[in-house]
Amino acid sequence: MPQVKHFDVIIIGTGAGGGTLAYALSLLGKDILLIERGGYLPREKDNWDTRAVFIDKKYRSQETWYDEKGQAHSSPTNYCVGGNTKFYGSALMRFRAEDFGKLVHHDGISLAWPLSYEDFEPYYTQAEYLYHVHGLRGVDPTEPPASSPYPYPMVSHEPRIQKLFDDFCQLGYQPFPLPLGIMLNEADLQTSSCIRCNTCGGFPCLLAAKADAHTVCVQPALQNANVTLITDAFVQRLETNASGREVTKIHVERNGILEEYSAAIVVVACGAINSAALLLRSANEKHPHGLANGSGVVGRHYMRHTNSSFIAISREPNPTVFQKTFGLNDFYFGTDDWKYPMGNIQLLGKSTPELLEAELLPSMLGITEDTIAKNGIDFCLVTEDLPEPDNRVTLNSKGEITLRYAVNNLTAHKQLINKFEGMLSQIGCEDYLIPSSLYVGKKVSLAGINHQCGTIRFGNDSQTSALDINCKAHELDNLYVVDASFFVSSAAVNPALTIIANALRVADHLKDRLQ
């Protein structure tokens with residue numbers, strides 16, 4: 001029998017939730033163990049190579065997942081210290097205040113959260129400081145109240161993007177500088193960690209200039225002797241005591257060797273898909289349908305946003321290098337002629353010729369890849385998807401992940417696309433959009449998981465939620481979940497800042513409990 005190693009707190013996962021929580025608890029002096037399924041992402045030239053990252057998928061998991069038809073797919077996730085934040089685009093937006101309440105969409109209802117924006121606001125502010133967020137208050141018409149300015153100035157626009165920004169303004173819209181978590185000092189670029197390169201969103205940063213969970217949280221936490229990290233460690237299951245009220249063992253496979261750990265507090269932060277899978281794998285006599293799943297919601301209500309990426313063709317060249325600098329929320333909650341929420345529009349990183357070659361873009365328009373590369377401007381359109389119970393994570397007979405997802409709220413998404421297409425000719429672009437997919441993923445069950453959330457929702461009612469408002473499992477006394485699993489709805493902005501803010505909120509609760 002392996003020896004059981006005991007800690008005060010064990011955190012499973014080192015991404016936006018787990019990494020942030022580890023940092024927030026690191027100065028308590030408690031013994032903390034971080035368990036990461038992957039290893040450290042290698043720092044190498046391929047970090048910035050389009051073919052290696054997007055086409056060869058060098059850093060992707062080798063795991064196989066299954067869709068609702070039982071067809072096998074390569075898992076589209078990344079297992080490494082820092083989790084998927086190593087590859088995110090660093091867009092760190094707060095949910096709108098209204099996103100925490102009930103919202104009526106054209107195709108359904110987005111449910112109210114058990115807490116309000118005001119409960120999260122102080123932690124959003126802390127999160128923005130911790131993750132080096134650059135931005136400017138008072139420009140976005142949907143912006144919620146904030147207790148302080150952004151800690152760093154907005155990221156400037158390059159000339160073609162500044163002209164695009166100005167064109168939107170002249171049309172009466174209110175584009176806003178996109179809040180970005182990067183270590184950029186435009187006042188002194190010679191000493192700036194970030195160099196405004198074209199390999200940011202979707203790439204790991206070779207210069208460690210992206211505010212990912214590894215760089216800003218895990219590394220500083222590990223400077224404290226009380227914090228330990230083990231890598232290449234797969235958590236097979238969580239074992240409870242006879243009553244089922246307490247997690248007493250964590251069964252880990254590390255480099256082919258089985259190990260056992262225990263802790264007074266166990267925190268799951270594997271990402272919404274893998275956290276649900278872990279709880280389902282941990283079924284036992286007291287929790288026959290999965291750990292903490294008496295409500296039956298574990299794995300259900302999986303959301304990932306209805307995302308579409310497009311390339312608009314500028315009538316003049318677009319030599320921009322760092323393109324992702326502004327967004328547009330004028331259609332977020334609807335318009336006078338369409339009263340339902342539509343969503344967010346934001347710039348993406350600029351497509352490279354290698355990406356365009358791999359995309360196999362439609363040729364019927366008579367536009368060459370060379371023209372697209374020189375004149376293209378990349379956009380992402382994000383619409384809230386709704387928490388459908390049949391969109392869910394399950395396990396097959398071999399315990400492997402099966403993911404079912406049917407796209408919903410499409411009427412609103414199509415309306416957003418139509419609105420955007422209708423203004424193209426007025427912003428110096430051709431009047432059509434070219435769809436692309438390598439960054440946000442194609443609309444199938446196992447693609448586009450970079451905004452995954454909602455599979456272990458929190459709430460006040462244990463019959464309709466798995467976690468309480470502190471993200472502790474209703475049915476267990478020492479089990480918490482701090483990734484995006486707790487989301488009740490997905491809103492229509494990037495989820496990372498809300499995950500980070502919630503981890504800081506839960507950290508305050510755990511500090512009181514651990515005293």
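Just so it is clear, the structure is predicted and the values come from calculations on it, not from any experiment. Reckoned from all heavy atoms, side chains included, excluding hydrogens, waters and symmetry mates.
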**Report entry** Nearest heavy-atom neighbours spanning W113 and S489
**Finding:** NE1-OG, 2.8 Å
Query raised in the report: Shortest non-hydrogen contact from H413 to S308?
Result: NE2-OG, 2.7 Å
Query raised in the report: Is it true that the side chains of S465 and H474 contain a donor and an acceptor less than 3.5 Å apart?
Result: yes
**Report entry** Any side-chain heavy-atom pair of L25 and L510 under 4.5 Å
**Finding:** yes
Report task. Look at the side chain of Q463 and the backbone N and O of S295, then say whether any donor-acceptor pair between them is shorter than 3.5 Å. Result -> no
Query raised in the report: Which heavy atom in N391 sits nearest to a heavy atom in Y405, and how many Å separate them?
Result: OD1-CA, 3.3 Å
Query raised in the report: Any side-chain heavy atom of L348 within less than 4.5 Å of one from S309?
Result: yes
**Report entry** Residues, nucleotides or ligands: over 12 heavy atoms within 6.0 Å of K102 NZ
**Finding:** no
**Report entry** Polar side-chain atom of N84 near backbone of N78 as donor-acceptor pair, under 3.5 Å
**Finding:** yes
Query raised in the report: Below 4.5 Å, heavy atoms only, C-beta onward: do K286 and S243 meet side chain to side chain?
Result: no
Query raised in the report: Does a side chain donor of either T240 or H287 reach within less than 3.5 Å of an acceptor in the other side chain?
Result: no
Report task. Verify, without hydrogens or angle tests, whether N478 (side chain) and E246 (backbone) share a donor-acceptor contact under 3.5 angstrom. Result -> no
Query raised in the report: Is a side-chain donor-acceptor pair under 3.5 Å present for Y79 with E63?
Result: yes
Query raised in the report: Among V252, N274, V266, V268, which residue meets the side-chain contact (heavy atoms from CB on, under 4.5 Å) test with V235?
Result: V252
Query raised in the report: Are the side chain of K511 and the backbone of Q515 linked by a donor-acceptor contact shorter than 3.5 Å?
Result: no
Requested in this report: For residues L34 and V218, determine if any side-chain heavy atom of one lies less than 4.5 Å from a side-chain heavy atom of the other.
Outcome: yes
Query - E121/R94 salt bridge by N-O under 4.0 Å criterion - result: yes
Report task. Give, for atom CD1 of I500 and atom OH of Y23, the distance between the pair rounded to the nearest 0.5 Å. Result -> 12.5 Å
Query raised in the report: Can we call the ring centroids of Y66 and H73 under 6.0 Å apart?
Result: no
Query - L111 CG to T464 OG1 distance, which is reported to the nearest 0.5 Å - result: 9.0 Å
Query raised in the report: Is the shortest distance from a Lys or Arg side-chain nitrogen in R96 or D140 to a carboxylate oxygen in the other one below 4.0 Å?
Result: yes
Query raised in the report: Can you tell me if Q346 and N344 form a side-chain donor-acceptor pair at under 3.5 Å?
Result: yes
Query raised in the report: Would you call R392-E68 a salt bridge at under 4.0 Å N-O?
Result: no
Query - Closest non-hydrogen atom pair, E384 against A491 - result: CB-O, 3.0 Å
Report task. Quick one: sort the Y152 and H132 rings into parallel, tilted or perpendicular, breaks at 30° and 60°. Result -> parallel
Requested in this report: Would you kindly say whether D508 and Y123 are connected by a side-chain donor-acceptor distance under 3.5 Å?
Outcome: yes
Query raised in the report: So, the side chain of R281 versus the backbone of Q236: is there a donor-acceptor pair under 3.5 Å, distance only?
Result: yes
Report task. Please check if atom CZ in F458 has more than 12 non-hydrogen atoms from other residues, nucleotides or ligands closer than 6.0 Å. Result -> yes
Which donor-acceptor pairs under 3.5 Å do the side chains of residues 226-234 make with protein atoms, sequence neighbours left out?
residue : atom : partner : partner atom : Å
N226    : ND2  : S26     : O            : 3.0
N226    : ND2  : K30     : O            : 2.7

Query raised in the report: Looking at F120, is R505 sitting on its ring face, NZ or CZ under 6.0 Å from the six-membered ring centre and within 45 degrees of the normal?
Result: yes
Query - Check: E98 and F333 side chains under 4.5 Å, non-hydrogen atoms - result: yes
Query raised in the report: Are F95 and V493 close enough, and set up right, to give a side chain to side chain contact (heavy atoms under 4.5 Å, CB included), and what steps lead you there?
Result: CA-CA 7 Å; F95 276 20; V493 296; 3.6 Å; yes
Query raised in the report: So, E128 and R137, do they make that salt bridge, N to O below 4.0 Å?
Result: yes
Report task. Using distance alone, with no hydrogens and no angle criterion, decide if E118 and S116 have a side-chain donor and acceptor under 3.5 Å apart. Result -> yes
**Report entry** Any side-chain heavy-atom pair of R457 and P387 under 4.5 Å
**Finding:** yes
Report task. Identify the two heavy atoms, one from D212 and one from T85, that lie closest to each other, and give their separation to 0.1 Å. Result -> CB-O, 3.3 Å
Query raised in the report: Going by distance alone, is a donor N or O of one side chain under 3.5 Å from an acceptor N or O of the other, for D385 and S490?
Result: yes
Query - Candidate pair L178 and H134, rule side chain to side chain contact (heavy atoms under 4.5 Å, CB included), full reasoning - result: CA-CA 8 Å; L178 202 60; H134 295 247; over 6 Å; no
Query raised in the report: Is it true that D390 and R300 have a side-chain N and a carboxylate O under 4.0 angstrom from each other?
Result: yes
Query raised in the report: What is the distance from atom SG of C200 to atom CD1 of I182, rounded to the nearest 0.5 Å?
Result: 6.0 Å
Considering only distance and modelled atom types, tabulate donor-acceptor pairs under 3.5 Å from the side chains of residues 10-18, sequence neighbours left out.
residue : atom : partner : partner atom : Å
T14     : OG1  : E36     : OE1          : 2.6
T14     : OG1  : G82     : N            : 3.0

Requested in this report: Compare all side-chain heavy atoms of L403 with those of I273 and state whether any distance is below 4.5 angstrom.
Outcome: yes
Report task. Step by step, work out the side chain to side chain contact (heavy atoms under 4.5 Å, CB included) result for E388 and R404. Result -> CA-CA 11 Å; E388 299 289 349; R404 172 188 173 88; over 6 Å; no
**Report entry** Residue pair S90 / Y131, side-chain donor-acceptor N/O under 3.5 Å
**Finding:** no
Query - Under 3.5 Å donor-acceptor, Y124 side chain and L497 backbone - result: no
**Report entry** Separation of I449 CD1 from H305 NE2 (nearest 0.5 Å)
**Finding:** 14.5 Å
Query raised in the report: Do the side chain of Y117 and the main chain of P145 share a donor and acceptor less than 3.5 angstrom apart?
Result: yes
Query raised in the report: Has the side chain of S275 got a donor or acceptor atom that lies under 3.5 Å from a matching backbone atom of C270?
Result: yes
Report summary line: Closest non-hydrogen contact found for P42 with Y59 is CG-CE2, 4.0 Å
Requested in this report: Please check if any side-chain donor atom of S147 sits under 3.5 Å from a side-chain acceptor atom of T125, or the reverse.
Outcome: yes
Query raised in the report: Is it true that the side chains of T402 and D67 contain a donor and an acceptor less than 3.5 Å apart?
Result: no
Query - Side-chain (D468) to main-chain (C471) donor-acceptor, under 3.5 angstrom - result: yes
Query raised in the report: Would H509 and Y480 count as having a side-chain donor-acceptor pair, cut-off 3.5 Å?
Result: yes
Report task. Scan side-chain atoms only and decide if H6 and S262 contain a donor-acceptor pair under the 3.5 Å cut-off. Result -> yes
Query raised in the report: Which of these, W48, Y88, F54, sits in a ring pair (Phe, Tyr, Trp, His ring centres under 6.0 Å) with F203?
Result: F54
Query raised in the report: Does E239 offer a backbone N or O that forms a donor-acceptor pair with the side chain of S282 under 3.5 Å?
Result: no
Query raised in the report: Under 6.0 Å between ring centres, would you say that holds for Y40 and H214?
Result: yes
Report task. Evaluate the criterion side chain to side chain contact (heavy atoms under 4.5 Å, CB included) for residue pair H251 and E260; output intermediate values, then yes/no. Result -> CA-CA 5 Å; H251 295 265; E260 294 179 356; 3.4 Å; yes
Requested in this report: Decide yes or no for V4 and E259: does some side-chain heavy atom of the first lie under 4.5 Å from some side-chain heavy atom of the second?
Outcome: no
